[in-house]
2 protein chains.
Amino acid sequence: MENRIEEYTVGELAQAAGVTVRMLHHYDSLELLKPAFVTAKGYRIYRQPELLRLQEILFYRAANMPLNEIAELLGTGNRVERLTSHREKVAKALSEQAAIIATLDRTIAKLNGDDPMTIEDLYKPFPKEKQADYEAWLVATYGQDMAAEIARSRENLSAGKGDILNSQNEQLKGIEAELVTSYEAGCDPKLANLAAHQNWVAEMWGYPCTAAAYAKLAELYLAHPDFIARYETLSEGFSQWLAQAMTLWAERHK
Amino acid sequence: MENRIEEYTVGELAQAAGVTVRMLHHYDSLELLKPAFVTAKGYRIYRQPELLRLQEILFYRAANMPLNEIAELLGTGNRVERLTSHREKVAKALSEQAAIIATLDRTIAKLNGDDPMTIEDLYKPFPKEKQADYEAWLVATYGQDMAAEIARSRENLSAGKGDILNSQNEQLKGIEAELVTSYEAGCDPKLANLAAHQNWVAEMWGYPCTAAAYAKLAELYLAHPDFIARYETLSEGFSQWLAQAMTLWAERHK
DNA sequence: GATGGGGCCTGACCCAACGTGAGAGTCAAC
DNA sequence: GTTGACTCTCACGTTGGGTCAGGCCCCATC
């Protein structure tokens, strides 16, 4: 039963995992990742469980989690809890990035339009102080982008129809506002009523929006920074919630 | 007429920008952000240009750029160009993170037993450059016996999937193989012949694919991790080349 | 069995990007 | 003129490592 193949020295493990030997030493000294055992001469020997643990460490570390937090996390046995906690952090980082994109857009727009910003405007996304007139910004800056996105979708799927964008934009705003209300009330995405939204999409496209297409649209939302930025601005975490709700809705209505 | 309102002490600027006084001291000592002037008693006084510079610094710092690189960057080009290019980078990171969150959600759902989920679902939405990490993490999470299934799922993925896709899969494979050959032969994207591909797309859609729609499809490809993963497995760099070729083709045929 | 050339060990110091005081001067108000 | 908030300049602490330095250890080759 000699599985010498499954034993790694520091160097071997380092190479396998794409890290440095120094990092393994470091993690050892922090008690974050100890070798399976140490030889009589003091060589660290790692095995499969340590490799797996290292990979999980690297996964969390890739999300900028401090090592002590990772150690804590790995100590709490439940995998679902770990993932959930991790999800929260990534989601938070996502919202922050969305806010930064929003401010970048606003900054660039103002630089091009020569309208000086107030000091509060400049630093909106960085400190904890959020809120403010995102609504106004949404209409002013992203209204146009949104129209362009929709026009793009329509072109993709059915080239050229009339331009009734503005009235439909108004409609969308109402629909979205309702959904945001549901979201902020803690409504389960399974229970969201997306009939109005799906109808709106169908109207935009100029032909029926099937359940499958609607589900695809959810994917598209998540793949498109513009959409994420837009929805995150409406409410933190809303983009994820909406996409999930759309997917679930499509499943129930296919 | 001096506007005292537009002058800030360290503390004032720090509060406005949501940073600490220490950071401003630090940036000063690094020559990254110097005050507009220093009073006789040594107090740092900042004005509008410094405020703008700080904002830009914070944009880059939020993306984990080292301060020395930021200093370098600030010395080059103009502000709008820098910010525009930066916006794109952040946007890219954003959609990657969104894909990660979606995966985490599905993984959590599966672990909770909400919905049976295929390996393909797990694998699919991860950013390409992190696929190796993600696979490793999957192995760590689900155990060694998962490795084989992951390998199998990858084959499935590169073989194409989806109900609609399957029917016309053979055709597409032929078309793509030809394009990959062109790409690997170093063919200029301008000169790629995409007539067959565009026709295939039209067939898929069930109605004509206009040049504009085709160009937009290229954008969609680049925005969608699914497509990128698929084309990158065909040949490294192929997804970028194809998207460019499609854009150029659309331009020539509109 | 001797002799390399690796790989491994433990310190030890260095780095960025700040946090966190310490001790002292400054400002504005009451 | 005293108080309290603010500022200044050191200066050391922290995190996640990089980068030697000096000394063992292992194994292949002569």
Side-chain angles (χ1 to χ4, degrees), chain A residues 2 4-5 7-47 50 53-74 89 123 126-128, chain B residues 2 4-5 7-47 50 53-74 133:
Chain A
E2 69 293 351
R4 288 223 322 276
I5 307 156
E7 301 196 335
Y8 311 90
T9 65
V10 261
E12 286 161 1
L13 181 61
Q15 183 154 21
V19 300
T20 64
V21 171
R22 180 62 170 90
M23 279 170 68
L24 294 179
H25 285 173
H26 192 52
Y27 293 173
D28 187 1
S29 76
L30 293 179
E31 311 254 292
L32 177 57
L33 180 71
K34 305 230 103 194
F37 65 96
V38 179
T39 68
K41 299 298 180 182
Y43 278 36
R44 293 169 180 83
I45 304 296
Y46 300 86
R47 288 211 272 233
E50 287 73 37
R53 187 180 167 95
L54 175 56
Q55 280 159 346
E56 198 169 349
I57 290 168
L58 293 179
F59 182 71
Y60 292 126
R61 206 189 62 111
N64 286 323
M65 192 180 299
L67 296 183
N68 53 5
E69 271 179 44
I70 295 178
E72 248 177 72
L73 203 63
L74 292 177
K89 278 175 190 142
Y123 298 105
F126 297 113
K128 292 137 208 162
Chain B
E2 294 307 319
R4 285 222 325 276
I5 307 157
E7 301 195 336
Y8 309 91
T9 64
V10 261
E12 285 161 2
L13 181 59
Q15 181 155 22
V19 301
T20 64
V21 171
R22 181 62 174 89
M23 279 170 68
L24 295 178
H25 285 172
H26 190 52
Y27 294 172
D28 186 3
S29 76
L30 292 179
E31 311 255 289
L32 177 58
L33 179 71
K34 307 229 104 197
F37 65 96
V38 179
T39 67
K41 298 297 183 179
Y43 278 36
R44 293 168 180 83
I45 305 295
Y46 299 86
R47 289 211 272 233
E50 288 73 36
R53 189 176 168 97
L54 176 57
Q55 184 213 18
E56 200 175 341
I57 290 169
L58 293 179
F59 276 134
Y60 302 135
R61 198 193 60 123
N64 288 321
M65 192 181 297
L67 298 183
N68 51 5
E69 271 179 43
I70 295 177
E72 248 177 72
L73 193 63
L74 287 173
D133 274 358

Next item on the list: Report the C-alpha distance between A:E69 and A:L73 in whole Å, list the side-chain angles of each, state the deciding distance to 0.1 Å, and finish with yes or no for side chain to side chain contact (heavy atoms under 4.5 Å, CB included).
Entry: CA-CA 6 Å; A:E69 271 179 44; A:L73 203 63; over 6 Å; no
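Each of A:N68 and B:V21 has a nearest nucleotide on DNA chain D; the 5'-most of these lies closest to B:V21.
Here the side chain of A:K41 is nearest to one of C:dA17, D:dG16, D:dC25, namely D:dC25. Picking from C:dT10, C:dC8, D:dG17 the nucleotide with the shortest atom distance to the side chain of A:H26 gives D:dG17. The A:T20 side chain lies nearest to D:dG18 when the options are C:dC18, C:dC9, D:dG18. Closest to the A:T9 side chain, of the nucleotides C:dC8, D:dC8, C:dT10, is C:dC8. The nucleotide whose nearest atom lies closest to any side-chain atom of B:H25 is, among D:dT9, C:dT10, C:dC8, D:dT9. Taking only side-chain atoms of A:Y43, from C-beta outward, the nucleotide of C:dG7, C:dC27, C:dA17 with the closest atom is C:dG7. Taking every side-chain heavy atom of B:M23 into account, C:dG19 is the closest of C:dG19, C:dC8, D:dG17.
Under 4.0 angstrom from either OP1 or OP2 of D:dG17 there lies at least one side-chain N or O belonging to A:R61. For the pair B:Y27 and C:dA17, the criterion of a side-chain N or O lying under 4.0 Å from OP1 or OP2 is not met.
A donor-acceptor distance shorter than 3.5 angstrom exists from the side chain of B:E12 to the backbone of B:T9, with no hydrogens or angles considered.
In this structure, B:R44 atom CZ and D:dC6 atom C1' are separated by 13 Å, rounded to whole Å. Here C:dC18 presents its P atom at 14 Å from CG of B:D28, a figure rounded to the nearest Å. The nearest whole Å value for the distance from the CZ atom in B:R22 to the P atom in D:dC10 is 12 Å. At whole-Å resolution of the value, CD in B:E69 and C1' in C:dA16 are 12 Å apart. As a whole-Å value, the separation of B:L24 CG from D:dC6 C1' is 14 Å. Rounded to an integer number of Å, the gap from A:N64 CG to D:dG16 P is 10 Å. Separating the CE atom of B:M65 from the P atom of C:dA17 is a distance of 12 Å, rounded to the nearest angstrom. Straight-line distance from the OH atom of B:Y8 to the P atom of D:dT7: 15 Å, rounded to whole Å.
Using a 4.5 Å heavy-atom cutoff, the side chains of A:E7 and A:F37 are in contact.
Between atom CG of residue A:L13 and atom CD of residue A:E50 there is a gap of 8.5 Å, rounded to the nearest 0.5 Å.
Across B:I70 and B:R61, no two heavy atoms sit closer than the pair CD1-N, 3.7 Å.
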